[in-house]
Amino acid sequence: MALRAAVLRHLRVPVQFSALARRECQPTPCSGGSLRLFSSQDDRSTKEEVTERVLSVIKRHPKVDPSKVTPDVHFQKDLGLDSLDTVEIVMALEEEFKLEIPDNEADKIDSCNLAIEYVCNHPMAS
């Protein structure tokens, strides 16, 4: 899925005028009847969506009291999780967002804020 999104972001497809007419666009005189349209819009989630999904993953962890989970919570200090629990949460985040977090980066993720920021800034997160 991530590969598909990456390819689609760079794919250029000629668009016929009939498709443009539905969008109420007019072709330019030099277009020759077809145009290339490029979109800066991608299929990445907004920060609010990422926050909701990260919090949901953390709330589903068996050792976490869901009522204590907020975007500012620290895994060890606030939730009382140990390092193994943190690894399990990072693995659950990898599954949720279909990405692979390198060990050196995973070691740095010890709070909801850091998890949210990492996912938001990861180019392949879905």
Side-chain angles (χ1 to χ4, degrees):
M1 194 64 157
L3 178 60
R4 178 183 173 272
V7 169
L8 290 178
R9 272 190 226 120
H10 295 64
L11 189 64
R12 297 178 182 163
V13 179
V15 177
Q16 298 300 322
F17 177 69
S18 60
L20 292 175
R22 280 183 258 135
R23 293 184 176 180
E24 298 176 3
C25 296
Q26 297 297 322
T28 59
C30 63
S31 67
S34 66
L35 291 173
R36 286 191 189 184
L37 296 179
F38 302 95
S39 174
S40 62
Q41 180 182 16
D42 57 16
D43 55 356
R44 294 174 49 97
S45 301
T46 65
K47 187 164 184 172
E48 292 78 26
E49 292 169 337
V50 170
T51 300
E52 282 182 35
R53 289 171 65 190
V54 167
L55 294 180
S56 174
V57 166
I58 295 167
K59 287 178 183 179
R60 288 192 306 253
H61 191 275
K63 293 184 181 178
V64 172
D65 176 5
S67 65
K68 293 182 178 180
V69 178
T70 66
D72 299 318
V73 77
H74 190 276
F75 298 152
Q76 293 168 340
K77 294 176 187 170
D78 300 323
L79 299 178
L81 301 177
D82 60 22
S83 59
L84 182 57
D85 296 324
T86 301
V87 169
E88 290 174 357
I89 287 176
V90 170
M91 289 172 57
L93 290 170
E94 288 177 325
E95 288 180 28
E96 174 71 20
F97 292 97
K98 297 175 181 73
L99 53 88
E100 187 174 331
I101 302 173
D103 291 340
N104 62 338
E105 294 294 324
D107 292 340
K108 299 174 188 174
I109 299 175
D110 60 0
S111 68
C112 284
N113 270 336
L114 291 175
I116 292 165
E117 288 303 316
Y118 184 86
V119 172
C120 284
N121 293 325
H122 196 285
M124 300 308 268
S126 60

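Quantities reported herein were computed from a predicted structural model and do not represent experimental measurements.
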Evaluate side chain to side chain contact (heavy atoms under 4.5 Å, CB included) for Phe75 paired with Ile109, printing each intermediate quantity in order.
-> CA-CA 9 Å; Phe75 298 152; Ile109 299 175; 4.2 Å; yes
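- Residues His74 and Asp110 come closest through the heavy atom pair NE2-OD2, 3.3 Å.
- In this view, Lys63 and Asp85 satisfy the salt bridge (Lys or Arg N to Asp or Glu O under 4.0 Å) rule, not counting sequence neighbours.
- Under the 4.5 Å side-chain criterion, counting only non-hydrogen atoms from C-beta, Asp78 is not in contact with Thr70.
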Show me, pair by pair, the donor-acceptor contacts under 3.5 angstrom made by side chains of residues 111-118, not counting sequence neighbours?
residue	atom	partner	partner atom	Å
Ser111	OG	Leu114	N	3.3
Asn113	ND2	Asp72	OD1	3.1
Glu117	OE2	Lys47	NZ	2.4

Can you list the steps and then say if Val64 with Lys59 is a side chain to side chain contact (heavy atoms under 4.5 Å, CB included)?
-> CA-CA 6 Å; Val64 172; Lys59 287 178 183 179; 5.5 Å; no
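- Every residue two or more places apart in sequence or in another chain was checked for a ring pair (Phe, Tyr, Trp, His ring centres under 6.0 Å) with Phe97, and none qualifies.
- Under the 4.5 Å side-chain criterion, counting only non-hydrogen atoms from C-beta, Arg60 is in contact with Glu96.
- Val73 and Val57 fall within a single hydrophobic cluster, where Ile, Leu, Val, Met, Phe, Trp and Tyr side chains are chained together by heavy-atom contacts under 4.5 Å.
- With rounding to the nearest 0.5 Å, the separation of CD in Glu48 from CD in Glu52 is 8.5 Å.
- Side-chain N or O atoms of Glu105 include none that pairs as donor or acceptor with a backbone N or O of Pro102 at under 3.5 Å.
- Of the inter-residue distances, the one linking His61 atom NE2 with Leu81 atom CG reads 6.0 Å to the nearest 0.5 angstrom.
- Other residues, nucleotides and ligands contribute only 12 or fewer heavy atoms inside 6.0 Å of the CD atom of Glu100.
- Heavy atoms of other residues, nucleotides or ligands lying less than 6.0 angstrom from CG of Asp103 number 12 at most.
- In plain terms, the two heavy atoms of Gln76 and Asp82 that are nearest each other are NE2-C, 4.0 Å.
- One hydrophobic cluster, built from ILVMFWY side chains closer than 4.5 Å, cannot hold both Leu99 and Val87; they sit in different ones.
- Cluster annotation: Ile101 is connected to Leu55 through the hydrophobic network of ILVMFWY side chains, with a link wherever side-chain heavy atoms come within less than 4.5 Å.
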